[in-house]
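Right, one structure below, let's go through it.
Model, not experiment: these values are computed from the prediction. Here is the naming used below: chain letters follow the sequence lines, and residue numbers restart at 1 for every chain.
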Number of protein chains: 2
Amino acid sequence: MADLLTSRLGYLLKHAQLNFAASGARALEPLGITGRQLAVLVVLDAAEPLSQLDAARELGVDRTTMVALVDELEAKDLVERRRSPDDRRKNIVGLTAHGKKALAEGERLHKETEKAFLAELTPIESELFLRILKKLAADTAREADGEPDQDENENA
Amino acid sequence: MADLLTSRLGYLLKHAQLNFAASGARALEPLGITGRQLAVLVVLDAAEPLSQLDAARELGVDRTTMVALVDELEAKDLVERRRSPDDRRKNIVGLTAHGKKALAEGERLHKETEKAFLAELTPIESELFLRILKKLAADTAREADGEPDQDENENA
DNA sequence: TATTGTTATACTCTATAACTATA
DNA sequence: TATAGTTATAGAGTATAACAATA
């Protein structure tokens, strides 16, 4: 690949993201989980017990997608479903002991990955970069048009 | 969506990218092309004529994917295929007059979008951000393991 | 009637395998 | 034999529609 496109912001964002995702995947490989699955564990490790729909909203995914995510984690014995006694339509999803261990180790690996990824930067650059990125990620970025509320394409 | 994940680098990169892509798509809407298609036009507007495979390499996509990309652009009369006289296996893909116009206008809209996206930043922040992003996007980010040459997942 | 989880289905994106025509 | 373009096909990933259980 040459670099006709490498000065384009979209290209840079996409490839920075791909690079980081690849690093994360590599780091989590020995744990046997994906970055996606780690993110789900993070969300499910909340103070209050979450239903599948609660977790789906937190992750920004469809509830049908959430079914598959929980299926995966349950197959690995990282989480378990139980019917909510308060509302028997709901599945409360909680981490198993194994899941809590995987979460802790995954978070450790994840932090290492972030650190390694930003290692080339000075602490000041690093801080500034994250601050800017937060702005750009939060920004709904709808400039000129007045669309009322189009649903965002959200992923963890 | 709440923000349990919003301090994670992966999340920030992904959502900054999604936001920018959405802005770009909105900006190009009146032109009737996608950001992807604009990137293909940029590549095909090279000094030397490119075959489909040349362009695919430049874009970092598979040659089968390239077929579809050229099909789309040809359907919109933005590019045209012609057999290479030197090697009749090759399709040289060139921009039509209409394609050149679309490219110019698309690039104008694209630059506006980049500018708007970075508008909240000071010029110094902007410059620093792009410089850092370039580093992170270029970085193959293979830290601890010595894999010889795994093919990257490339997209424009 | 509305909501939660589920399944079936479809759609997008992209890659692999196989075919053709050329070299 | 190898390469360029093409087609058919399959695999992720995710969404929509419909259904059962529950509210």
**Asked** So A:Phe129 and B:Phe129, would you call those rings parallel, tilted or perpendicular, with 30° and 60° as cut-offs?
**Response**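 Rings of A:Phe129 and B:Phe129: parallel, under 30°.
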Could you check how far [atom1] of [X] sits from [atom2] of [N], rounded to whole Å?
X: A:Leu50; N: C:dT4; atom1: CG; atom2: C1'; answer: 15 Å
X: B:Met66; N: C:dA15; atom1: CE; atom2: P; answer: 13 Å
X: A:Asp71; N: D:dT14; atom1: CG; atom2: P; answer: 14 Å
X: B:Arg36; N: C:dT12; atom1: CZ; atom2: P; answer: 15 Å
X: A:Asp86; N: D:dA21; atom1: CG; atom2: C1'; answer: 17 Å
X: B:Leu53; N: C:dT22; atom1: CG; atom2: C1'; answer: 15 Å
X: A:Gln52; N: C:dT3; atom1: CD; atom2: C1'; answer: 13 Å
X: A:Leu59; N: D:dG13; atom1: CG; atom2: C1'; answer: 15 Å

When we call it a touch if two heavy atoms are under 4.0 Å apart, what does [X] touch: a base, just sugar-phosphate, or nothing?
X: A:Asn91; value: sugar-phosphate
X: A:Asp87; value: sugar-phosphate
X: B:Arg63; value: base

Selected nucleotide, minimal atom distance to [X] side chain, candidates [options]:
X: A:Asp62; options: C:dT16, C:dA2, D:dT16; answer: D:dT16
X: B:Arg83; options: D:dG5, C:dG5, C:dA23; answer: D:dG5
X: A:Val67; options: D:dT6, C:dT6, D:dA21; answer: C:dT6

**Request:** Please answer whether the main-chain N or O of A:Thr64 pairs with a side-chain N or O of A:Asp62 as donor and acceptor at a distance below 3.5 Å.
**Result:** yes
**Fill in**
Of A:Pro85 and A:Glu72, the one whose nearest nucleotide on DNA chain D sits closer to the 5' end is A:Glu72
**Request:** Take B:Glu105 and B:Leu109 through the test side chain to side chain contact (heavy atoms under 4.5 Å, CB included) and record every step on the way to the result.
**Result:** CA-CA 6 Å; B:Glu105 177 64 2; B:Leu109 294 170; 4.1 Å; yes
**Prompt:** Reckon B:Thr64 has a side-chain N or O less than 4.0 Å from the OP1 or OP2 of C:dT16?
**Reply:** no
**Side-chain donor/acceptor contact of B:Arg88 with base of C:dT22 under 3.5 Å** = no
**Asked** If we only count heavy atoms from C-beta on, is the B:Asp71 to B:Arg81 side-chain gap below 4.5 Å?
**Response** yes
**Asked** Which residue, B:Lys115, B:Arg108, B:His110, forms the side-chain hydrogen bond (donor to acceptor under 3.5 Å, both in side chains) with B:Glu112?
**Response**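 By the side-chain hydrogen bond (donor to acceptor under 3.5 Å, both in side chains) criterion, B:Glu112 pairs with just one of B:Lys115, B:Arg108, B:His110: B:Arg108.
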